[in-house]
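Residues take their numbers from the sequence shown, with the count starting at 1. Model, not experiment: these values are computed from the prediction.
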Amino acid sequence: MRKLSLVVIILMLGISFITCAETKAVQVTDFTLNDLDGNPVTISELDGLIILDFWATWCPPCKVEIPYLQSFYEEFGDQGLFVVGISSEEPAIQKKFVEDMKKEGVEMTYILLVDGDGAVTREYGIRSIPTTIFVKSDLTQIEREVGFRPEYAAKFREIIEKNLPKR
């Protein structure tokens, strides 16, 4: 019985240690990329809550996620929310996609950046898209979600509401 109690205690300590390790703040790397018009955007200069969305025009789950991101941007943008879409595709391809989305009733007005050589995508360890990363203005990562389903929207809203800057 004593051995079983000892094993249980060791397991509980191990689980506590793992839980603490998972909650450690992660700093993301600052970067500058050009928007679709060639203007440089540096994420550390965005003063607020930042959603980094790694996506592509050919990605079906990305297309499902976009209206939610746009809706969040419209609702919370004036409260300090920045939505930043990052794609390795050429600006012309992204611009055509934006036009097509507008025809479908979704106007993508948030920041879209071009990671042409994929350096930022590699730096952030993106292996699947969409990957959505919530970041505070001090570049502390709050949450990272790989993939997208409409059920994620409630979780995204909760993260946004909890982490918007106090203004």
Side-chain angles (χ1 to χ4, degrees), residues 12-57 59 61-89 91 94 98 106 108-167:
M12 290 182 74
L13 287 172
I15 291 170
S16 296
F17 177 75
I18 291 169
T19 302
C20 290
E22 289 176 356
T23 59
K24 182 180 177 187
V26 175
Q27 289 295 121
V28 298
T29 304
D30 191 17
F31 64 84
T32 300
L33 291 173
N34 289 339
D35 67 14
L36 299 185
D37 295 321
N39 302 308
V41 176
T42 302
I43 63 163
S44 62
E45 294 175 1
L46 303 177
D47 185 26
L49 176 63
I50 306 162
I51 298 176
L52 299 176
D53 184 55
F54 291 84
W55 72 290
T57 61
C59 165
C62 300
K63 191 170 180 179
V64 172
E65 182 184 38
I66 288 167
Y68 292 97
L69 295 174
Q70 181 62 38
S71 176
F72 293 140
Y73 178 66
E74 289 171 4
E75 184 175 353
F76 299 107
D78 62 349
Q79 298 173 52
L81 176 68
F82 294 90
V83 177
V84 180
I86 301 166
S87 175
S88 61
E89 295 172 295
Q94 291 188 55
V98 169
V106 178
M108 297 172 68
T109 60
Y110 55 86
I111 301 167
L112 295 174
L113 301 179
V114 180
D115 185 21
D117 64 1
V120 172
T121 301
R122 283 190 302 281
E123 175 70 29
Y124 275 68
I126 305 302
R127 301 202 189 320
S128 182
I129 55 171
T131 295
T132 309
I133 304 172
F134 293 81
V135 179
K136 292 183 180 181
S137 59
D138 67 358
L139 301 185
T140 302
Q141 178 178 304
I142 301 165
E143 185 76 35
R144 180 182 182 115
E145 189 68 56
V146 178
F148 184 79
R149 293 185 301 198
E151 304 86 72
Y152 295 1
K155 177 182 176 183
F156 285 11
R157 174 176 289 282
E158 185 178 306
I159 294 167
I160 292 166
E161 290 175 346
K162 181 179 176 186
N163 291 285
L164 279 172
K166 308 294 184 241
R167 294 183 183 211

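A salt bridge is defined here as a Lys NZ or Arg NE, NH1 or NH2 lying under 4.0 Å from an Asp or Glu carboxylate O, and K162 with E158 fails to meet this definition.
Residue I111 holds its CD1 atom at 12.5 Å from CG of D53, rounded to the nearest 0.5 Å. Taking CG of L52 as the start and CD1 of I86 as the end, the distance is 4.5 Å to the nearest 0.5 Å.
Among all heavy-atom pairs drawn from L164 and G80, the shortest one is CD2-C, 4.2 Å. Heavy-atom minimum distance, D117 versus A119: OD1-N, 3.0 Å. The two atoms that bring I43 and T29 nearest to each other are CD1-O, 4.0 Å, heavy atoms only. Smallest separation of non-hydrogen atoms from K155 and E145: NZ-OE1, 2.8 Å. Annotation for S137 and L46: closest pair CB-O, 3.9 Å, computed over non-hydrogen atoms. The heavy-atom pair separating A153 from Y68 by the smallest distance is CB-CD2, 3.5 Å.
A donor and an acceptor atom, one from each side chain of T140 and Q27, are located under 3.5 Å apart. Of the N and O atoms on the side chains of D115 and S88, not one donor lies less than 3.5 Å from an acceptor on the other residue.
Considering only heavy atoms from C-beta on, I142 comes within 4.5 Å of I159 through its side chain. The shortest distance between side-chain heavy atoms of V114 and L36 falls below 4.5 Å. Side-chain atoms of F134 and N163, non-hydrogen and from C-beta on, never get closer than 4.5 Å to each other. Taking 4.5 Å as the limit, some side-chain heavy atom of L112 sits within range of a side-chain heavy atom of W55. The shortest distance between side-chain heavy atoms of T131 and T121 does not fall below 4.5 Å. The side-chain heavy atoms of F54 and V120, taken from C-beta on, include a pair separated by under 4.5 Å. In this structure the side chain of I126 reaches within 4.5 angstrom of the side chain of R144, judged on heavy atoms. At least one side-chain heavy atom of I129 sits under 4.5 Å from a side-chain heavy atom of C62.
Legend: residues meeting ring-ring contact (aromatic ring centres under 6.0 Å, His included) with F31, ordered by chain and number and at least two apart, are Y124.
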For this session: Could you give me the CA-CA distance, side-chain angles and deciding distance for L33 and V84, then say whether side-chain contact (heavy atoms from CB on, under 4.5 Å) is met?
Result: CA-CA 11 Å; L33 291 173; V84 180; over 6 Å; no
Problem set entry | Evaluation steps, side-chain contact (heavy atoms from CB on, under 4.5 Å), between E143 and F156 | CA-CA 9 Å; E143 185 76 35; F156 285 11; over 6 Å; no
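In this structure, the side chain of Q70 engages the main chain of T109 through a donor-acceptor pair within 3.5 Å. No donor-acceptor pair under 3.5 Å is formed between the side chain of R157 and the backbone N or O of F72.
Between Y152 and F148, the two ring planes are perpendicular [angle over 60°; tilted spans 30° to 60°].
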